Amino acid sequence: MRVKVKPLECTGCALCELACGYHWDEAFSLISSSIMLYRAEEKKDYMGVIVKTEEDLFLGKPEGPEAVKLGELQQRGAGSGGGASAKPILIREACDLCESAGLEPQCVAICPQNALYLE
Amino acid sequence: MDAMYYGDVLLVDLSTGKTEQVPFDEADEAGPGLAAGLALYEKYSGDDPLVFGSGLFTGTPVPGACLGFVLGKSPLTGEAAVSPLSMYAGAEMKLSGFSAVVVRGSSAKPVYLWLHDGVADVLDASGLKGMDTWQTTDAIRKEMGESLIQVISIGPAGEATRDLAAYSINYWGSGDSSALGSVMGAKNLKAVALRGLGMLDAEEPGEFYEKALELMSAAPAERGFKAVCSGLGGDDVDAWLEPLVHRYRSCFACPTACSTFVKYNEAPDVMSPDGVEEPGMLVISAAAAFWLWQGGWGAEAAGRAMESMAREGIDLVRGARELSASPLSDPGEIASAVGGLEGTMEAGWPAGEQVSYDAFGPWVPPLAASEKWLAANRAGYVLGVCPALLLAGGVDVDSLLGLCGPAAGVELDASGIESLFT
Ligand code: SF4
Ligand code: SF4
Ligand code: SF4
């Protein structure tokens with residue numbers, strides 16, 4: 001079971017980041033979540049959602065989602081939905097489906113646009 | 001700063017370039033958000049203050065909790081006026097470690113304020129002088145090597161302290177209809193740049209989070225302007241923009257996505273980032289879109305006009321109102337019409353229409369101010385929740401007030417909010 005993304009449903013509210021950060025820290029921030037919005041190319045309105053797991057990164061890119069093994073992302077250019085702006089997630093905790101907090105997956109629960117699902 | 005409520009306040013003295021954090025002992029008495037902002041405005045009224053602030057819930061998972069504000073003396077009225085910091089700017093300001101910043105005096109040379117990690121720097125902006133807001137945003141992000149920095153900047157209109165100047169949030173303009181962009185220009189404050197990498201605590205985190213999640217689950221997740229201004233032309237504006245729509249966008253923590261990205265320099269359905277650098281415009285102002293639609297503009301031309309106004313740092317609403325009388329389609333003509341906007345209070349408002357300004361901006365029929373509208377603005381700016389979402393019924397004030405205790409140990413009711421403004 002893992003969190004997957006329907007990228008074109010996402011509207012960029014960052015609530016998944018807040019909810020995930022809350023399950024780790026019991027506080028609100030954009031720095032500790034295992035799920036992250038990719039919003040670095042603002043002028044192009046290019047936006048996706050990245051989820052870090054123990055093995056890979058799920059890249060919810062608007063042109064089509066894909067999973068990439070950890071370590072591969074740094075070699076990619078920004079244009080492929082990864083690049084420098086996605087690097088912070090590499091040093092964060094991997095998604096534990098919120099089990100450590102005894103909660104159901106919070107990002108899925110809070111996403112108002114139903115852009116996240118479990119599979 | 002890790003609390004949701006004000007503790008210290010950052011004072012920025014532009015005449016010396018110095019910053020200091022000082023206690024704000026009156027915070028409890030004043031109340032949160034805009035109420036605290038108004039108290040700070042009064043306290044430093046001798047220094048021509050421009051107050052940047054955020055609300056009680058700004059930056060948390062409460063529906064619509066994106067809202068921060070800029071408060072200063074509007075050149076249009078000579079009275080205190082407030083304009084919104086929406087999208088990510090309000091939340092990132094609070095997460096940068098500053099929930100209120102008072103900018104005093106003016107600088108001899110152009111400067112910008114850089115807020116991050118609880119640190120505030122006044123930096124030289126001589127190299128940014130004359131740049132439009134798109135160039136300014138790009139230049140600051142490039143200089144800092146960080147593309148997620150939020151940039152509240154002024155363009156040529158603000159630098160020239162024109163009455164129609166507005167600050168822009170990144171590339172997309174703002175809801176500043178009170179010429180606070182002109183106030184920034186008079187202070188030689190080219191921009192405020194923010195990056196929010198901090199953390200916000202709640203008094204009772206579990207209770208607060210659970211209640212916020214409940215409100216979020218109950219809030220409708222709608223898209224387009226009909227969600228927030230059905231009955232004021234929102235439905236028609238959506239249908240008009242539809243052929244150009246790339247995606248709908250939410251502000252931070254908003255279940256609704258009223259902002260609409262339209263592409264006119266490449267096909268709207270291009271999803272890869274490999275296309276043109278500047279494919280279009282994020283339409284954030286329902287009112288600006290409404291005026292252009294009503295004036296008979298084509299959607300593409302309207303997108304170009306809003307882009308042009310945002311670049312120049314011109315109030316989208318007053319600019320669109322003035323432009324609406326003469327629809328254009330040629331990009332060059334649109335740019336020159338935007339350059340020629342008067343943007344005075346009188347220009348563009350047809351004779352006989354009642355223009356009313358209050359602390360939240362100018363209003364004319366059919367977008368007339370009302371008691372309901374004022375109440376939503378007051379509650380929204382105190383709590384840090386988008387007034388448009390409140391007005392549209394996406395979340396109600398009474399439910400939000402129930403979160404004040406678990407958020408920050410503050411007890412407030414609706415009459416309490418009203419009393420903060422008397
Ligand atoms: S399931 Fe939980 S841990 Fe995993 S990304 Fe979502 S919120 Fe974070
Ligand atoms: S909560 Fe949903 S809509 Fe909001 S940013 Fe995350 S995936 Fe996108
Ligand atoms: S209703 Fe629209 S303007 Fe208000 S916070 Fe939501 S997306 Fe932003």
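If you're wondering where the values come from, they're calculated on a predicted model, not measured in any experiment. Chain naming here is simple, since letters A, B, ... match the order of the sequence lines and numbering starts at 1 in each.
- Neither the backbone nor the side chain of A/Glu17 has a heavy atom closer than 4.5 Å to any heavy atom of chain B.
- Taking each heavy atom of B/Ala221 and A/Pro112 in turn, the nearest pair found is CB-O, 3.0 Å.
- Looking only at heavy-atom pairs under 4.5 Å with chain B, the residue among A/Leu30, A/Thr11, A/Leu8, A/Leu15 that has the most is A/Thr11.
- Taking all atoms of both residues into account, the shortest heavy-atom contact from A/Arg39 to B/Tyr88 is CZ-CE2, 3.2 Å.
- Contact annotation for A/Ile110: both backbone and side-chain heavy atoms come within less than 4.5 Å of a heavy atom of chain B.
- Distance check: B/Ser147 OG to A/Glu42 CD gives 9.0 Å after rounding to the nearest 0.5 Å.
- Atoms CZ and OG1, from A/Phe28 and B/Thr58 in turn, are 13.0 Å apart once rounded to the nearest 0.5 Å.
- In this structure, B/Glu278 contributes its side chain and A/Lys44 its backbone to no donor-acceptor pair below 3.5 Å.
- Contact of A/Asp25 with chain B is made through the side chain alone, with heavy-atom distances under 4.5 Å.
- Neither the backbone nor the side chain of A/Cys111 comes within contact range of chain B, judged by heavy atoms closer than 4.5 Å.
- Looking at A/Pro62 and B/Arg247, their side chains come closer than 4.5 Å, going by heavy atoms from C-beta outward.
- The choice from B/Arg223, B/Glu277, B/Met87 that makes the most heavy-atom pairs within less than 4.5 Å of chain A is B/Arg223.
- Both the backbone and the side chain of B/Leu197 come within contact range of chain A, judged by heavy atoms closer than 4.5 Å.
- Note: B/Asn170 leads B/Leu95, B/Leu282, B/Asn170 in heavy-atom pairs under 4.5 Å with chain A.
- Considering every non-hydrogen atom in both A/Glu26 and B/Pro205, the closest pair reads O-CB, 3.8 Å.
- A salt bridge links B/Asp138 to A/Lys43: one of the charged nitrogens lies within less than 4.0 Å of a carboxylate oxygen.
- Remark: B/Tyr248 OH to A/Cys10 SG distance equals 15.5 Å, nearest 0.5 Å.
- Between B/Tyr209 and A/Tyr22, the ring-plane angle classifies as parallel under the 30° and 60° cut-offs.
- For B/Val270, no part sits under 4.5 Å from any heavy atom of chain A, backbone or side chain.
- For the residue pair A/Ser29 and B/Gly198, the shortest heavy atom distance occurs at CB-O, 3.2 Å.
- The greatest number of non-hydrogen atom pairs below 4.5 Å with chain B, out of A/Asp45, A/Leu18, A/Asn114, is found for A/Asp45.
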